[in-house]
Undergrad: 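Sharing a structure, written as structure tokens. Questions coming.
Convention: sequence-line order gives letters A, B, ...; per-chain numbering from 1. Side chains included, hydrogens not; waters and symmetry mates left out as well; all remaining heavy atoms used.
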Protein chains: 4
Amino acid sequence: MRCVILSSAILLIAFMPQKKKIVIFFGDSITQQGAEPGGYIARVDSMYKLENRSGQFEFAGSGISGDKVYDLYLRMDDDVLAKKPDIVVIYIGTNDASHKFSADTDTDADKFEKFYTAILQKLKVKNINIILCTPAVIGEKTDLTNQQDGNMNRYAGIVRNLAQKNDLPLVDLRQKFLDYNKHFNTKNKESGILTRDGVHLNATGNQVVAEEMWKAIKSL
Amino acid sequence: MRCVILSSAILLIAFMPQKKKIVIFFGDSITQQGAEPGGYIARVDSMYKLENRSGQFEFAGSGISGDKVYDLYLRMDDDVLAKKPDIVVIYIGTNDASHKFSADTDTDADKFEKFYTAILQKLKVKNINIILCTPAVIGEKTDLTNQQDGNMNRYAGIVRNLAQKNDLPLVDLRQKFLDYNKHFNTKNKESGILTRDGVHLNATGNQVVAEEMWKAIKSL
Amino acid sequence: MRCVILSSAILLIAFMPQKKKIVIFFGDSITQQGAEPGGYIARVDSMYKLENRSGQFEFAGSGISGDKVYDLYLRMDDDVLAKKPDIVVIYIGTNDASHKFSADTDTDADKFEKFYTAILQKLKVKNINIILCTPAVIGEKTDLTNQQDGNMNRYAGIVRNLAQKNDLPLVDLRQKFLDYNKHFNTKNKESGILTRDGVHLNATGNQVVAEEMWKAIKSL
Amino acid sequence: MRCVILSSAILLIAFMPQKKKIVIFFGDSITQQGAEPGGYIARVDSMYKLENRSGQFEFAGSGISGDKVYDLYLRMDDDVLAKKPDIVVIYIGTNDASHKFSADTDTDADKFEKFYTAILQKLKVKNINIILCTPAVIGEKTDLTNQQDGNMNRYAGIVRNLAQKNDLPLVDLRQKFLDYNKHFNTKNKESGILTRDGVHLNATGNQVVAEEMWKAIKSL
């Protein structure tokens, strides 16, 4: 008898509707646009559906134009934690790097790390899986003359360190974009390879980001 | 008889005091400090004296702290042309690159080139020899995270193009400094290799600049 | 018997050491320096002791150089709430106004208000008394040519509105400083009236601020 | 006989076609737009024609978007002196004030005065009549919260001083605009009173500027 009961239990589990994992992409205008048709979040959703994993994930974007890391920190209770996500993909830093006009640059980079760390703490406490992304590009020129290259390298470096220090998966979009441009941007163009305007993703950029994101999410 | 007269003429020329060539170093605070004891201009002067060329050159610095290219243009009549130089070494661009916080960056780079070109025209009209120098560094870090690397590369590129377009000798200090740091700045330090503070030359920096300058002046 | 017991109870209360009210001054470098000898917090403490109110208040400064409103928000749990204050005096905005170089100024002012409001919410939830202060001056010139006058008036206006909207007491330091300078800064000096450098308080400035602060605290 | 000859000479002068005085408006985008239909230069031309002074003046605009005082200095030989004007109306300073993000503000204001003075010298040497204009507004709010009010007051002050020091007529557009807004901008609007966007003139603004300009030109 005992055997039979056990079997039914197994069957029950097998037919129980699986709870979908909620994935929130948390960021700035790039993520805001990523949720639009053709955006990188929509593309992740398509990839996932093609792989017959339906019922496994639910993707949502929480991107607001102009956001810096401290804006994410302010709105994370309402916009992220309240939605009880299983996975949060943090994609921030472009506005932080580009608007950093202060002379005392070290302090500002310090603050970026401080707020980023505070966000990670709040997510860890809730046992939420986290994926970090480096900010990609401000300008796609390959001859090291993009005005913000120095800042972008610095902020990307901070994100890489945070991933390592906290043992968290990293989607290194900056490295990906630099490599891609080295191959395909042979005319040293300011934009038009992976971005429309040097910052915001065109169709190819959204596809490249989606592939990297999906790879990281599946590997969790 | 004719022979005798000719000989006297030759003798006369040989004993006539040779007119010294006036060399003006025209720039910002780096050049202002270059004229101080131990500065790069003082070192060029020492090198030149060691080579037993005395009587051939006279070196003068015209550097003013904070100057950008348009400041040179404004004061060049009084500070350069009035002194009837034979050679002018233009060493400008660091302040232009670092203070360029405007969003409309292309226009600013355009203006840098426009004013630089106007200076070159005014010197050419007077048949003055010109040597161009690229701005060297703002920060000596070698991992591409100096905040101003993008701007510095852009402005250095403009100076390189101007040298080529006008067929003028170039002292490529930026390239020199990057190469030097690649070899000797193994700890990715912000300053202390060729500069005191990331911008202004220390003793080694003054020596390196002096050697490059003197090589270019002798080659004219 | 019951009467007697009651009396003892009353006596007990009368002799029970009164719990001191903890007052935290929460702000930037002005408050950091305010906690030093001769600073405004030290002066508030002296005023209070002169009034024979000993045992009633305990004053503490929590000012960090360079802080903007979002820095206060980040560190308020550790630096303010953990100390269980009865009264918090918020004195912030000078760095917010002066470092605001972005073109899109309205958004930045919006963010100032948003973070300020978030701080107020967190304090209200804990039933902590709050006093708001307007940022005072960046430059003491009286002819309306201080570079940051426009921003300072705007940010001071936001703080005034927040005080009114939340029905909270306001120490209007900006108005106080403008009035004081109108009377005493007859030579239109940049600094030296209430500040050492246009921003940080000199002895007179610390005294004026202390008097305003103490008045507000006593009135709660 | 002598009498008769003299008379003929007088008659000859009377019928000789009068040489028109060339007036050049020299400035930035405000002046560039001032030359368009409905712009302030077009309106000055209409006013002048209504007063039956035809043949007396010829008006031309030389405004380039984004120009600061040093841009005027660079292009004044080609764009102004080459056209042999009788009168030059200088209307510059708005971009100088608004783009001034450097920390070392005094130097920048110094440079504004230095370049402005250099322009005046070049015009005086050629005996050209000069009219100075203060930069008007960046933002029309009347409660002293326009971000650039401090800078604008400072730069307007420099122009006023230059007019006085050089004994030159001044069109004080800033004062005019502040007075006008005080009367008519009762709702403290950012723009829409004399400007479209806080800086560039709407129809009313062009009319007000034209009236002031024409008054000054007639008074020469």
Undergrad: Let me confirm one number: the CG-CD distance from A/N151 to B/Q148, rounded to the nearest 0.5 Å.
TA: 7.5 Å

Undergrad: Would you give the length of the straight line joining atom NZ of A/K141 to atom CG of B/N153, rounded to the nearest 0.5 angstrom?
TA: 10.0 Å

Undergrad: Crowded around A/Q56 CD? As in, over 12 foreign heavy atoms under 6.0 Å?
TA: yes

Undergrad: Say you draw a straight line from OG1 of B/T145 to CG of A/D149; how long is it, rounded to the nearest 0.5 Å?
TA: 11.5 Å

Undergrad: Between atom CD of B/Q147 and atom CG of A/D108, what is the distance when rounded to the nearest 0.5 Å?
TA: 8.5 Å

Undergrad: Show every donor-acceptor pair shorter than 3.5 Å between a side-chain atom in residues 123-130 of chain B and any protein atom, with sequence neighbours excluded, or say none if there are none.
TA:
{"unit_1": "B/K124", "atom_1": "NZ", "unit_2": "B/N166", "atom_2": "OD1", "d": "2.7"}

Undergrad: Is B/K21 atom NZ crowded by more than 12 heavy atoms from other residues, nucleotides or ligands, each under 6.0 Å away?
TA: no

Undergrad: For B/Q175, is the CD atom crowded, meaning more than 12 foreign heavy atoms sit under 6.0 Å from it?
TA: yes

Undergrad: Please check if the number of heavy atoms outside B/K176 that lie under 6.0 Å from its NZ is greater than 12.
TA: no

Undergrad: Is it the case that the side chain of A/N146 and the backbone of B/G150 share a donor-acceptor pair, with hydrogens and angles ignored and the cut-off at 3.5 Å?
TA: no

